[in-house]
*Asks:* 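Quick one: the structure is below, questions incoming.
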Amino acid sequence: MDTKDAQLMEITVDEQFLKNYQAIYYAMNAKPDCRSKLFSKNVIISLQDLKNLNRKVTDKFKAHYDNAGFRINVNVSLKNKEYLEFDSWATFENYDFNIEQSISSILIVWEYNAKLPSYPLPQRHTLSVRIADEIRAEEMLNLVVSGKLEEVDKLEQEVCPIVARVDFINAILGDELLRIVEQWQDGLLISEKEYSKGYSFVKKYSRVFAYAINYITTFVIIMCMMEIIHNILLGFNIDLVSQMKIGDLSILIWSAVICTVVCMFVYKISMIVANIVFTTLRADEEGHIFNITNGDQNLMQKLQFEQKNRKKRVALNIILTLLFNVICSVLANCIS
């Protein structure tokens, strides 16, 4: 090997000193560099999925770096405000999850002191993966303050069920760990909610659909009433309004009053329907990401049933509105 090329791979004494100083300083002050990544895809996570993630992470460490200290902590939060804390992966894996409570969140923390090439002191790296139905505001604030901000804009658009954060000395290792989490979540089972693209589109533009139901229906009924009044006038067989008889004028006034009342009635009904659609679409949908305990399975079935009913309610109101508009248009054409 060319000695000049070999020199490119060598780490200077100053670089070694700086990294060793960083390791000692960060160990004392607990302020390493960190990076966070959000994953917004709706997925279903089983116990086997968590085992696969742990295997990928530990294999990465074992295959590339010598171990100078390694531990895994797992914290499980249940829906009834109970908490399960495991100080090792073995205790978590062997725990009997055939319980009636459902899981609200799981936090897995891998702490690894890696012996990196050319650095005599171990370098501490921490990978934290939080999986939750929803992330609380204080947790989001902590992510913004302590992690990088590249993906914080996602929080304004959707809830991110998986958040990964790595605290690192070696940036390459930090990126590799986040990449492992990303590839892992790409292989997870997709929830039914992820496939509901049409419903998601309607939900996103719920206000537009509500206004359309209200105003389009009102416009259609106004046009129909105007067509009715126009046909009544043609039935008088006169060329000028001054030629109208008192009886004809009375019929016209009564027709106008009745048409106005009908328009107001349809406007109110369409407003009620629009509000039902808007409220249904804008209602906060509870989701569930875990399929581990018996409680998780029961909760998932319940939520799926509620979501199907919600979709049916929205679809029925939209179909009835369209059908009403079509019937009004057909009647107006028949009258004319």
Side-chain angles (χ1 to χ4, degrees), residues 36-59 70-111 126-140 142-143 158-165 177 180-196 199-200 283-311:
S36 300
K37 190 171 182 64
L38 311 179
F39 303 97
S40 58
K41 187 164 64 173
N42 295 297
V43 294
I44 301 298
I45 296 177
S46 66
L47 184 59
Q48 185 59 47
D49 293 324
L50 298 179
K51 293 179 181 179
N52 292 339
L53 175 60
N54 179 65
R55 178 180 52 80
K56 292 175 183 292
V57 173
T58 53
D59 285 350
F70 178 59
R71 70 171 185 170
I72 304 173
N73 290 329
V74 183
N75 295 325
V76 179
S77 298
L78 304 178
K79 290 287 187 182
N80 59 355
K81 305 300 182 182
E82 293 183 5
Y83 301 92
L84 302 175
E85 297 184 3
F86 304 92
D87 58 1
S88 70
W89 183 261
T91 56
F92 168 74
E93 191 174 32
N94 295 328
Y95 185 81
D96 184 9
F97 281 101
N98 291 320
I99 56 179
E100 295 306 317
Q101 294 90 345
S102 58
I103 297 174
S104 61
S105 69
I106 294 179
L107 173 64
I108 308 175
V109 180
W110 292 265
E111 293 184 2
T126 302
L127 172 64
S128 303
V129 175
R130 174 164 168 74
I131 309 165
D133 288 338
E134 59 182 19
I135 301 175
R136 294 174 298 181
E138 58 267 27
E139 293 167 344
M140 287 294 94
N142 179 64
L143 175 65
E158 51 197 334
V159 174
C160 299
I162 301 176
V163 178
R165 167 178 162 164
L177 292 174
I180 288 174
V181 179
E182 181 178 5
Q183 292 176 338
W184 169 76
Q185 72 93 34
D186 285 339
L188 293 174
L189 179 66
I190 304 298
S191 70
E192 182 181 351
K193 185 177 179 181
E194 187 74 17
Y195 290 117
S196 303
Y199 181 73
S200 298
D284 293 332
E285 291 187 32
E286 184 182 359
H288 195 57
I289 193 173
F290 299 104
N291 186 21
I292 297 177
T293 69
N294 295 337
D296 290 332
Q297 297 175 5
N298 294 333
L299 181 58
M300 289 179 64
Q301 292 178 358
K302 175 184 176 183
L303 294 177
Q304 289 174 359
F305 177 76
E306 291 178 352
Q307 187 180 42
K308 288 181 180 179
N309 285 341
R310 190 179 293 109
K311 290 180 181 179

*Asks:* At what distance, to the nearest 0.5 angstrom, does OG of S36 lie from CZ of R130?
*Replies:* 13.0 Å
*Asks:* To the nearest 0.5 angstrom, please state how far the CG atom of N294 sits from the CD1 atom of I99.
*Replies:* 8.0 Å
*Asks:* Determine the minimum heavy-atom distance between I292 and L47, stating which atoms define it.
*Replies:* CG1-N, 3.7 Å
*Asks:* What distance separates H288 NE2 from M300 CE, expressed to the nearest 0.5 Å?
*Replies:* 7.0 Å
*Asks:* Over all heavy atoms of both residues, which pair between K37 and F39 is shortest? Give the atoms and the distance, please.
*Replies:* CD-CZ, 3.6 Å
*Asks:* Would you mind reporting whether N75 and I106 have side-chain heavy atoms less than 4.5 Å apart?
*Replies:* no
*Asks:* Counting distance only, does the side-chain N/O of D296 pair as donor-acceptor with the main-chain N or O of I103 below 3.5 Å?
*Replies:* yes
*Asks:* Is there a donor-acceptor contact under 3.5 Å from the side chain of W89 to the main chain of V74?
*Replies:* no
*Asks:* Can you see which heavy atom on S105 is nearest to which on A132, and at what distance?
*Replies:* CB-CB, 3.6 Å
*Asks:* Measuring only between side-chain heavy atoms, which start at C-beta, is L299 closer than 4.5 Å to F290?
*Replies:* no
*Asks:* Quick one: does S46's side chain have a donor or acceptor within less than 3.5 Å of a partner on N291's backbone?
*Replies:* no
*Asks:* Within the structure provided, determine whether F92 and V76 are in side-chain contact (heavy-atom separation under 4.5 Å).
*Replies:* yes
*Asks:* Using side chain to side chain contact (heavy atoms under 4.5 Å, CB included), reason through K41 and L188 one step at a time and then give a plain yes or no.
*Replies:* CA-CA 10 Å; K41 187 164 64 173; L188 293 174; over 6 Å; no
*Asks:* Does some side-chain heavy atom of F86 sit less than 4.5 Å from a side-chain heavy atom of N94?
*Replies:* no
*Asks:* Please report the shortest heavy-atom distance between V43 and I190, naming the atom on each side.
*Replies:* CG1-CD1, 4.2 Å
*Asks:* Taking all non-hydrogen atoms of both residues, which atom of L84 and which atom of F97 are closest, and how far apart?
*Replies:* CD1-CE2, 4.3 Å
*Asks:* Could you give me the CA-CA distance, side-chain angles and deciding distance for V129 and V163, then say whether side chain to side chain contact (heavy atoms under 4.5 Å, CB included) is met?
*Replies:* CA-CA 6 Å; V129 175; V163 178; over 6 Å; no
*Asks:* Can you find a pair of side-chain heavy atoms, one from V181 and one from Q185, that are under 4.5 Å apart?
*Replies:* no
*Asks:* To the nearest 0.5 Å, how far apart are OG in S128 and CD1 in I108?
*Replies:* 10.0 Å
*Asks:* Decide if atom CD of Q297 counts as having more than 12 heavy atoms of other residues, nucleotides or ligands within a radius under 6.0 Å.
*Replies:* yes
*Asks:* For the residue pair N54 and W110, confirm or rule out a side-chain donor-acceptor distance under 3.5 Å.
*Replies:* yes
*Asks:* Measuring from K56:NZ to K51:NZ, what's the distance to the nearest 0.5 Å?
*Replies:* 15.5 Å
*Asks:* Using a 6.0 Å cut-off, check whether atom NZ of K302 has over 12 heavy atoms from anything other than its own residue.
*Replies:* no
*Asks:* If I take atom CD from residue E93 and atom OG from residue S88, how far apart are they, to the nearest 0.5 angstrom?
*Replies:* 10.0 Å
*Asks:* Does D133 use its side chain to pair, donor to acceptor, with the backbone of I289 at less than 3.5 Å?
*Replies:* yes
*Asks:* Taking the side chain as C-beta and beyond, is there a heavy-atom pair between N52 and R55 under 4.5 Å?
*Replies:* yes
